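Comments concern the structure below.
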Amino acid sequence: MTSAPNTQLQTEASLDSEKAPWWRQAAVYQVYPRSFADADGDGLGDIPGIASKADYLAELGIDAVWLSPFYPSELADGGYDVADYRNVDPRLGTLADFDALVAALHARGIRVVVDIVPNHTSDRHVWFEEALASAPGSAARERYIFREGTGPDGALPPTDWESMFGGSAWERVPDGQWYLHHFAVEQPDLNWDNQEVRADFVRTLRFWSDRGVDGFRIDVAHMLTKDLTEPLPSKAELEAMPRDGRHPLIDRDDVHDVYAEWRRVFNEYDPPRTAVAEAWVDSSRVPLYASAESLGQAFNFELLEADFEAGQFQRIVRDNLALAKLSGSSTTWVLSNHDVVRHPTRYGLPHPERDADGRPARKHGNEWLLSGGMQPVLDRVGGLRRARAATLFVLGLPGSAYLYQGEELGLHEVAEIPDALRQDPTFFRSPGVDKGRDGCRVPLPWSEGGRSFGFGDGGAHLPQPSWFALHAVDVEDGRPDSTLTMYRRALALRHELQTDEELDWIDTGRADVLRFARPNGWQVVTNFGTEPFELDRADVLLASDEAPLGIVPGETTVWLAPN
Ligand code: NOJ
């Protein structure tokens, strides 16, 4: 891998000289730290491991790295159960290692975004341990949501609410009270009416900002504040309530009071710290999170649920560019992350059945995962071809692109993980129903051979399939047709071509071919169909697969030069 000192100087300088805020059209690369690279050989990826790949990240051409949680955690939910918000898990390194990582990335012009998990802590957080050791009604319990049970002796949960991971959303503690957890049992929900909770998160945001972190990804940003006035509604009553900002649990207007305070903190820094909301809310309410008074940007997850189909892609682009205008933010594009089946696999499986709202009736790919990757039959080659076309389409759009580690290698989801080795709580809490998210969290293959394909010297905490060898970085590196080469070329070109956050659609005369132009004339043409599309130009800069002169083959994207 190259790391030309000149490039470093240039990029360092460009950190200061950009006119538009850096995040508006950034390519942000998500690192799932425990599965990226393992420097100490304990089978778990770590912070020095990430630092050892700083040149790889620079060569990839991304603008920022988003680190999924690396904090001390019992790993009940892959690190999203945080035991200490202002520290590094000792298995992953130290704060000094973290500082060194930030320095290594900054020296290469790469910003650093960290994950903040404010809806819940780990049950190993000192606050929760204190709450359990304290009496009902105590100040320590007030930081969480404890209630008396119902039924004889309070032996039944306060309500029939279900956790997102399956089972009751309430767990009983030895003195008989129950606490609320919208996710795993080990993730007690915090009480955001509590001023101490609010103050502590401000302290955390300052702690990381002072260490040079450039921005934050806010986990479950739509669920922090709750109206738990008694009597609590039933699950059916909750479901019938409109999500208009007054729902007791979801997407409440008053969550923006929290973010307004955070925004004041972000703006104390130069440049202001950024934030992106993970908010699963009605699209009409996304601008509230993305506004400059709130978090500033919000994920748009619609492509995670879309088929590789021109009509759906175009509708999603139109809607989300319009939404971004409403908030004044830029929009975001996501094809893969640590919670969903990787996009080459989704596009290699039959389209999912859809419910009355047009959303996949079940998690796309789950049936295939449940069968151990046997049924339905995965079209590996076609899925990757479509994924590469979708990626180049997305990288040409205005706004930020969030990429997930391993997608640059064209990795498919791993189905062949024995149940005994699975880690994800969604699997354990829903026996036989949801196979969980481990298949996209398998440690990356860095080399064709060696123990754990170069991930580390000590094996991998989730088993890697033999076909990972085909996608190893040292196999794809330098190969003109590899997915890694395509990502590197696309990200480099994207920097050169980037222009105002606008696009114009160009009629193609075909419902399955989308074509758009950016303000400087950069054009993107995606053929979602299988029939070749004839181009009126031959000046192709980049193609997601081999493209004969003047032709966009089926399931292919090409970029055309600005005129
Ligand atoms: C969203 C995260 O992306 C997911 O991985 C996690 O399980 C939940 N939030 C709970 O923190």
Side-chain angles (χ1 to χ4, degrees), residues 28-36 45 66-85 89 113-125 128 144-145 161-167 169 171 179-190 192 201 204 216-224 226 249-251 255 275-281 289 295 297-301 303-305 332 334-342 363 366 402-407 413 422-430 434-442 462:
V28 185
Y29 180 89
Q30 180 188 359
V31 168
Y32 190 76
R34 291 173 174 86
S35 298
F36 190 68
W66 146 32
L67 300 169
S68 275
F70 49 81
Y71 314 110
S73 169
E74 282 306 303
L75 302 186
D77 180 20
Y80 284 88
D81 48 320
V82 180
D84 179 354
Y85 290 86
D89 189 323
V113 171
V114 301
D115 226 305
I116 296 291
V117 188
N119 180 67
H120 42 264
T121 69
S122 155
D123 61 350
R124 305 298 174 93
H125 191 285
F128 196 72
Y144 293 91
I145 299 165
W161 302 348
E162 282 173 14
S163 101
M164 303 282 175
F165 290 165
E171 185 71 8
Y179 70 86
L180 183 65
H181 61 91
H182 269 107
F183 293 88
V185 175
E186 298 87 350
Q187 292 168 300
D189 279 29
L190 283 164
W192 275 87
F201 273 87
T204 295
F216 301 94
R217 177 261 188 196
I218 310 303
D219 189 70
V220 206
H222 57 303
M223 287 182 63
L224 275 48
K226 298 169 178 93
L249 300 180
I250 312 231
D251 187 23
V255 79
V276 57
E278 187 220 17
W280 290 91
V281 299
Y289 295 83
L295 292 174
Q297 197 180 47
F299 280 123
N300 148 30
F301 289 132
L303 288 175
L304 296 180
E305 298 188 343
T332 57
V334 187
L335 288 166
S336 280
N337 65 26
H338 65 298
D339 288 332
V340 297
V341 169
R342 286 183 179 276
K363 184 179 147 188
N366 192 47
Y402 283 80
L403 311 172
Y404 178 53
Q405 67 177 42
E407 69 170 82
E413 187 82 0
R422 289 201 169 264
Q423 300 176 4
D424 186 6
T426 61
F427 169 67
F428 297 109
R429 301 273 299 185
S430 64
D434 190 336
K435 218 40 179 180
R437 302 163 293 181
D438 295 314
C440 63
R441 300 175 177 184
V442 174
L462 280 168

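We count ligands from 1, going down the list as the structure has it; atoms in each ligand are counted the same way. Model, not experiment: these values are computed from the prediction.
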query: What is the closest protein heavy atom to atom 1 (C) of ligand 1, and at what distance does it sit?
result: Asp219 OD1, 2.9 Å
- prompt: Just by modelled atom types, is the Val220 backbone N or O under 3.5 Å from a matching donor or acceptor in the Glu278 side chain?
  reply: yes
message: If we only consider heavy atoms of Met164, is any one of them less than 4.0 Å away from an atom in ligand 1?
response: no
Identity and distance of the protein heavy atom lying nearest atom 5 (O) of ligand 1: Asp339 OD1, 2.7 Å
field: Salt-bridge criterion met for Asp339 and Arg441 (N-O under 4.0 Å)
entry: yes
- prompt: Counting each atom of ligand 1 from 1 as listed, which ones have a heavy atom of Phe165 under 4.0 Å away?
  reply: 7 (O)
- prompt: Of all the heavy atoms in Arg441, does at least one lie under 4.0 Å from an atom in ligand 1?
  reply: yes
- prompt: Numbering the atoms of ligand 1 from 1, which are under 4.0 Å from a heavy atom of Val220?
  reply: 9 (N)
field: side-chain hydrogen bond (donor to acceptor under 3.5 Å, both in side chains) partner of Gln30, the single match among Arg217, His338, Gln405, Glu407
entry: His338
query: With distance as the sole test, does Asp89 use its side chain to make a donor-acceptor pair with the main-chain N or O of Phe70 at under 3.5 Å?
result: no
field: Residues Phe299, Tyr402; criterion ring pair (Phe, Tyr, Trp, His ring centres under 6.0 Å); working and verdict
entry: CA-CA 9 Å; Phe299 280 123; Tyr402 283 80; 4.8 Å; yes
query: Would a distance-only check, ignoring hydrogens and angles, find a side-chain to backbone donor-acceptor pair under 3.5 Å from Tyr71 to Asp81?
result: no
task: Classify the contact between His182 and ligand 1 as side chain, backbone, both or neither, using a heavy-atom distance cut-off of under 4.0 Å.
output: neither
- request: For His120, counting its heavy atoms only, list the atoms of ligand 1 lying under 4.0 Å from any of them.
  value: 10 (C), 11 (O)
message: Tell me whether Asp251 contacts the main-chain N or O of His222 through its side chain, where contact means a donor paired with an acceptor under 3.5 Å.
response: no
- request: May I ask you to list the atoms of ligand 1 that are less than 4.0 angstrom from any heavy atom of Arg437?
  value: 4 (C), 5 (O), 6 (C), 7 (O)
- request: With the side chain counted from C-beta on, respond yes when Asp189 and Lys226 share a heavy-atom pair under 4.5 Å apart, and no when they do not.
  value: yes
Heavy-atom nearest neighbour in the protein, as seen from atom 6 (C) of ligand 1, with distance rounded to 0.1 Å: Asp77 OD2, 3.4 Å
query: So is Met223 in contact with ligand 1, going by heavy-atom distances below 4.0 Å?
result: no
